[in-house]
Amino acid sequence: MKIAKIRRSLSSPLLWCSLRWGPQFQTMIGDEIQPWLSKLYGSHFVKIGPLSHTIDTSRCAISHQVRIGHDAGQVDLVGDKEKLPIMSKSIDACLITHALAWSTDPHQVLREADRILVDDGWIVLSEFNPFSWLGLTRWWPGVSLKARFYSKSRLIDWLSLLNYEIVSYRATQLLPWRSQSGILTRHLPMLGCNHLILARKRTYPLIFAKKRASAQGARLRPAVNVSQQICSLGDHEADK
């Protein structure tokens, strides 16, 4: 497997209209994640990456929504996606729309998102599918989509390593110039241009309560036996 981190810099598009079929991608992503947004709850929602800023999340129950990016005129908080200026465990949900595609270190983007999320927080992730029509033709003249594409298994593996549960997955938009799902997309979902993943941060105790109690009991027994032995020695000396 290739190393995800690279040295060369990548220039992310700031607007969907800068991409070939960008408006269709924007519409499709916004429509597809609407059912997920109703499941999210909490106080703070963060949109990471310039393409996340214009995705419609108005139906989300989390009212306080913050856009993070470099353009001070277009965002609520200026910052880098690989070093978010947000306190750890303070955000309830985040949207990452193709931020990994133009990142030199996609692992770091996910680690930063994980750092700021509270326990049981949510990640809504959208990335391009390398095994789609778009992935196979992205270097053709007229397409020129110089982004990094990641497979479904690779994205899920990265999230699993950070202890995320994959709640839902969809591959959408078999034909990039169509913003509506069709028969082909329903029957060949693995060839969709977009990966859409809803993942939830999970935390588990290292030692279960019952095992912890038994372990503590085992550690106390030698101390009790020693005390009994000392008392027995004292009685024996007194008898003498």
Residue pairs passing the ring pair (Phe, Tyr, Trp, His ring centres under 6.0 Å) test with at least one member in residues 79-103, sequence neighbours excluded, are Trp16-His98, His98-Phe128
Enumerate the residue pairs fulfilling salt bridge (charged side-chain N to carboxylate O under 4.0 Å, His left out) with a member in residues 62-87, sequence neighbours excluded, ordered by first and then second residue. Arg67-Asp76
Is it the case that the side chain of Glu127 and the backbone of Tyr150 share a donor-acceptor pair, with hydrogens and angles ignored and the cut-off at 3.5 Å? no
Are Ile48 and Val75 grouped together when hydrophobic residues (ILVMFWY) are joined by side-chain heavy atoms under 4.5 angstrom apart? no
Is there a side-chain contact between Pro106 and Trp158 in this structure, where contact means two heavy atoms from C-beta onward sitting under 4.5 Å apart? yes
Count the heavy atoms of every other residue, nucleotide or ligand shown that sit under 6.0 Å from CZ of Arg111, and state whether that count exceeds 12. yes
Could I get the full list of salt bridge (Lys or Arg N to Asp or Glu O under 4.0 Å) partners for Arg202, not counting sequence neighbours? Asp120, Glu165
Can you give the donor-acceptor pairs under 3.5 Å from side chains of residues 35-46 to other protein atoms, not counting sequence neighbours?
unit_1 : atom_1 : unit_2 : atom_2 : d
Ser38  : OG     : Pro35  : O      : 2.8
Tyr41  : OH     : Arg200 : NH2    : 2.5
His44  : ND1    : His64  : ND1    : 2.8

Can you give me the closest heavy-atom contact between Met28 and Thr172, atom names plus distance? CG-OG1, 3.7 Å
What's the spacing between Ser168 OG and Ile33 CD1 if we round to 0.5 Å? 12.0 Å
Working to the nearest 0.5 Å, report the span between NZ of Lys152 and CG of Leu196. 12.0 Å
To check you understand the geometry: which heavy-atom pair defines the closest contact between Ala113 and Leu84, and what is its length? N-CD1, 4.3 Å
Does Asn129 reach the main-chain N or O of Gly192 with its side chain, forming a donor-acceptor pair under 3.5 Å? yes
For Cys193, run the side chain to side chain contact (heavy atoms under 4.5 Å, CB included) check against Phe25, Trp21, Phe149 and tell me which one passes. Phe25
Quick one: does Leu110's side chain get under 4.5 Å of Ile96's, heavy atoms only? yes
Quick check against the 3.5 Å criterion: does Glu32 have a side-chain atom that pairs as donor or acceptor with the backbone of Arg170? no
Nearest heavy-atom pair of Pro13 and Pro50: which atoms, and what distance? O-CG, 3.5 Å
Quick note, ring pair (Phe, Tyr, Trp, His ring centres under 6.0 Å) partners involving residues 68-90, not counting sequence neighbours, are none
How would you list, by chain and number, every residue that makes a salt bridge (Lys or Arg N to Asp or Glu O under 4.0 Å) with Asp114, sequence neighbours excluded? Lys201
With hydrophobic residues grouped by side-chain heavy-atom distances under 4.5 Å, do Leu162 and Leu100 end up in a single group? yes
Quick one: are Ile86 and Leu77 in side-chain contact, heavy atoms under 4.5 Å? yes
Out of the candidates Val124, Leu125, Ile29, only one should pair with Leu95 under the side chain to side chain contact (heavy atoms under 4.5 Å, CB included) rule; please name it. Val124
His195 side chain near Pro130 side chain, heavy-atom distance below 4.5 Å: yes
Spatial distance of atom CD1 (Ile55) from atom OG (Ser126) [nearest 0.5 Å]: 7.5 Å
For residues Val167 and Trp122, determine if any side-chain heavy atom of one lies less than 4.5 Å from a side-chain heavy atom of the other. yes
Minimal heavy-atom distance between Ala93 and Ile62, with the atoms involved, is CB-CD1, 4.0 Å
Count I, L, V, M, F, W, Y as connected when their side-chain heavy atoms are under 4.5 Å apart, and connections chain through other members. Are Ile123 and Ile156 then in the same cluster? yes
Honestly curious: do Val118 and Ile116 fall in one hydrophobic cluster under the side-chain, below-4.5 Å linking rule? no
Flag, side chain of Ser52 to backbone of Thr97, donor-acceptor distance under 3.5 Å: yes
Identify whether Leu155 and Ile166 are in the same connected component of the hydrophobic contact network (ILVMFWY, side-chain heavy atoms under 4.5 Å). yes
In this structure, CD of Glu112 is separated from NE2 of His107 (nearest 0.5 Å) by 14.5 Å
Spatial distance of atom OG1 (Thr54) from atom NZ (Lys47) [nearest 0.5 Å]: 7.5 Å
Would you say the side chain of Leu117 lies within less than 4.5 Å of the side chain of Tyr164, judging by non-hydrogen atoms? yes
At what distance, to the nearest 0.5 angstrom, does CG of Leu14 lie from CG of Leu19? 10.5 Å
